[in-house]
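Once you've had a glance at the structure underneath, I'll fire off some questions.
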Amino acid sequence: MLKLLIVDDEEIICNTIAKVIPWDELGITLVGTCLDGVEAYHTILDESPDIVMTDIRMPFMDGLEFIEKVIERLPAVKIIVFSGFDDFEYAQKAINLGVEEYILKPISAKQLEESLIKLKKKMDEERARKRDIAILRRSYEESFPILREQFFISMIEGRMTPR
């Protein structure tokens, strides 16, 4: 199961999202909700979430600063930004930081669920690709001594000629 953290300075938004999304059906565990970037940063250190959903404007540490710190600490984390501010500059900075999606509030449960499904599918594909690469690498490492031995035997027996 993927782990997700919600960060928004509006407690009602955190609580509503926490209650309306069918987390288990999505294969996601909600590890917490935080009301500011400082609290959220300490939570990511403890929980190491796979996904962070964050507002862009928050007290103590704004969303952009929070995103930078999260990515520095957990480079593989996926971030969804939801914001009530239709500010191109904020969106551009967030996208330059590598966020997966920038969603404008108000956001419907259906829209959020669709975003999470799409993101989970992408993450599952990335994990499968990494697993396949690890299997290929392990296979290569196991086969290399045999291939090297066969190469040298072929050279010694004259079955290989230099070009």
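In this text, all values refer to a predicted model and were calculated from it rather than measured experimentally.
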Q) Say you draw a straight line from CZ of Arg148 to OG of Ser143; how long is it, rounded to the nearest 0.5 Å? A)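 Between atom CZ of Arg148 and atom OG of Ser143 there are 12.0 Å.
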Q.
What's the separation between atom SG in Cys14 and atom CG in Leu5, rounded to the nearest 0.5 Å?
A.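 The SG atom of Cys14 sits 8.5 Å away from the CG atom of Leu5.
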**Q.** Among Leu30, Asp8, Ile6, the one residue meeting side-chain contact (heavy atoms from CB on, under 4.5 Å) with Ile17
**A.**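 Output: one option passes, namely Ile6.
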Q) Tell me, do Ile21 and Glu25 make a side-chain contact under 4.5 Å, heavy atoms counted? A)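 A side-chain contact under 4.5 Å is absent here.
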Q) Any chance NZ of Lys3 has more than 12 other-residue heavy atoms, nucleotides or ligands included, within less than 6.0 Å? A)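 Count over threshold, so yes.
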**Q.** Residue Ile135 excluded, over 12 heavy atoms near CD1 under 6.0 Å
**A.**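 More than 12 heavy atoms, drawn from other residues, nucleotides or ligands, come within 6.0 Å of this atom.
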**Q.** salt_bridge(Asp50, Arg127) N-O dist < 4.0 Å
**A.**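 Counted as a salt bridge, because a side-chain N and a carboxylate O are separated by less than 4.0 Å.
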Q.
What I'd like to find out is whether the side chain of Leu2 reaches to under 4.5 Å of the side chain of Met123, using heavy atoms alone.
A.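 Result yes, sub-4.5 Å side-chain heavy-atom pair found.
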Q: Tell me, with the steps shown, if Glu101 and Leu119 meet side chain to side chain contact (heavy atoms under 4.5 Å, CB included).
A: CA-CA 9 Å; Glu101 200 160 350; Leu119 180 57; over 6 Å; no
Q.
Let's go through Leu97 and Glu68 carefully: what are the C-alpha distance in whole Å and the side-chain angles of both, what is the deciding distance for side chain to side chain contact (heavy atoms under 4.5 Å, CB included) to 0.1 Å, and is it a yes or a no?
A. CA-CA 7 Å; Leu97 289 172; Glu68 286 176 355; 3.5 Å; yes
Q: Hey, could you give me the CG/CD1 distance between Asn96 and Ile67, rounded to the nearest 0.5 Å?
A: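 So the gap between those two atoms works out to 11.5 Å.
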Q) Any chain of hydrophobic side-chain contacts (each under 4.5 Å) joining Leu45 to Met58? A)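 Looking at the clustering, Met58 is in the same group as Leu45.
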(Q) With heavy-atom distances below 4.5 Å as the criterion, would you say the side chains of Ser83 and Lys105 are in contact? (A)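 Heavy-atom side-chain distance check fails, nothing below 4.5 Å.
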(Q) Less than 4.0 angstrom from a charged side-chain N to a carboxylate O is my criterion; do Arg131 and Glu126 meet it? (A)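 No salt bridge links Arg131 with Glu126.
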(Q) Hydrophobic cluster membership, with links at side-chain heavy-atom distances under 4.5 Å among I/L/V/M/F/W/Y: are Leu35 and Tyr41 in one? (A)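 In one cluster with Leu35: Tyr41, no.
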Q. Atom CZ of Phe60 and atom CZ of Phe66: how far apart are they, to the nearest 0.5 Å?
A.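 Rounded to the nearest 0.5 Å, the CZ-CZ separation comes out at 14.5 Å.
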(Q) To the closest 0.5 Å, what do you measure between CD (Glu10) and OG1 (Thr16)? (A)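 The CD atom of Glu10 sits 10.0 Å away from the OG1 atom of Thr16.
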**Q.** Heavy-atom side-chain proximity of Val52 to Val7 below 4.5 angstrom
**A.**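 Answer yes - side chains close enough.
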Q | Shortest non-hydrogen contact between Ser115 and Ile103, atoms and distance | A |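 What the structure gives for the nearest pair is OG-CD1, 3.6 Å.
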Q) Is there a chain of hydrophobic side chains (I, L, V, M, F, W, Y, each step under 4.5 Å between heavy atoms) that links Ile12 to Phe82? A)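 Shared cluster, yes.
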Q | Among Lys122, Lys121, Lys120, salt bridge (charged side-chain N to carboxylate O under 4.0 Å, His left out) partner for Glu100 | A |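 Only match with Glu100 under salt bridge (charged side-chain N to carboxylate O under 4.0 Å, His left out): Lys122.
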Q | Val70 vs Val77 side-chain heavy atoms within contact, under 4.5 Å | A |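 With C-beta onward as the side chain, the pair touches.
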Q | Option passing side-chain contact (heavy atoms from CB on, under 4.5 Å) with Leu4 (candidates Leu116, Thr33, Thr29) | A |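 It is Leu116, the one option of Leu116, Thr33, Thr29 that forms the side-chain contact (heavy atoms from CB on, under 4.5 Å) with Leu4.
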Q) Hey, are the side chains of Asp36 and Glu39 touching, using non-hydrogen atoms and a 4.5 Å cut-off? A)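 Of all side-chain heavy-atom pairs linking Glu39 with Asp36, at least one is under 4.5 Å.
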Q) Do Ile28 and Met1 come close enough that some side-chain heavy atom pair is under 4.5 Å? A)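 Not in contact.
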Q.
Using side chain to side chain contact (heavy atoms under 4.5 Å, CB included), reason through Arg138 and Glu142 one step at a time and then give a plain yes or no.
A. CA-CA 6 Å; Arg138 195 169 39 252; Glu142 290 170 359; 3.7 Å; yes
Q | Cluster overlap Leu104 with Leu112, hydrophobic side-chain contacts below 4.5 Å | A |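 Different clusters.
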Q: Decide whether Met61 and Ile44 are clustered together by the hydrophobic rule: side chain heavy atoms of Ile, Leu, Val, Met, Phe, Trp, Tyr closer than 4.5 Å, transitively.
A: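 Looking at the clustering, Ile44 is in the same group as Met61.
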Q. Would Val81 and Ile79 count as a side chain to side chain contact (heavy atoms under 4.5 Å, CB included) if you check the C-alpha gap in whole Å, the side-chain angles of each, and the deciding distance to 0.1 Å?
A. CA-CA 6 Å; Val81 171; Ile79 298 175; 4.2 Å; yes
**Q.** Distance, nearest 0.5 Å, that separates CD1 of Ile107 from CE of Met53
**A.**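 The CD1 atom of Ile107 sits 6.0 Å away from the CE atom of Met53.
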**Q.** Carboxylate-amine/guanidinium contact Arg129 Glu125, below 4.0 Å
**A.**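 Judged by the 4.0 Å cut-off on N to carboxylate O distance, Arg129 and Glu125 do not form a salt bridge.
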Q.
A side-chain contact here means heavy atoms from C-beta on lying under 4.5 Å apart; do Ile56 and Asp62 qualify?
A.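 A side-chain contact is absent here, since even the closest heavy-atom pair is not under 4.5 Å.
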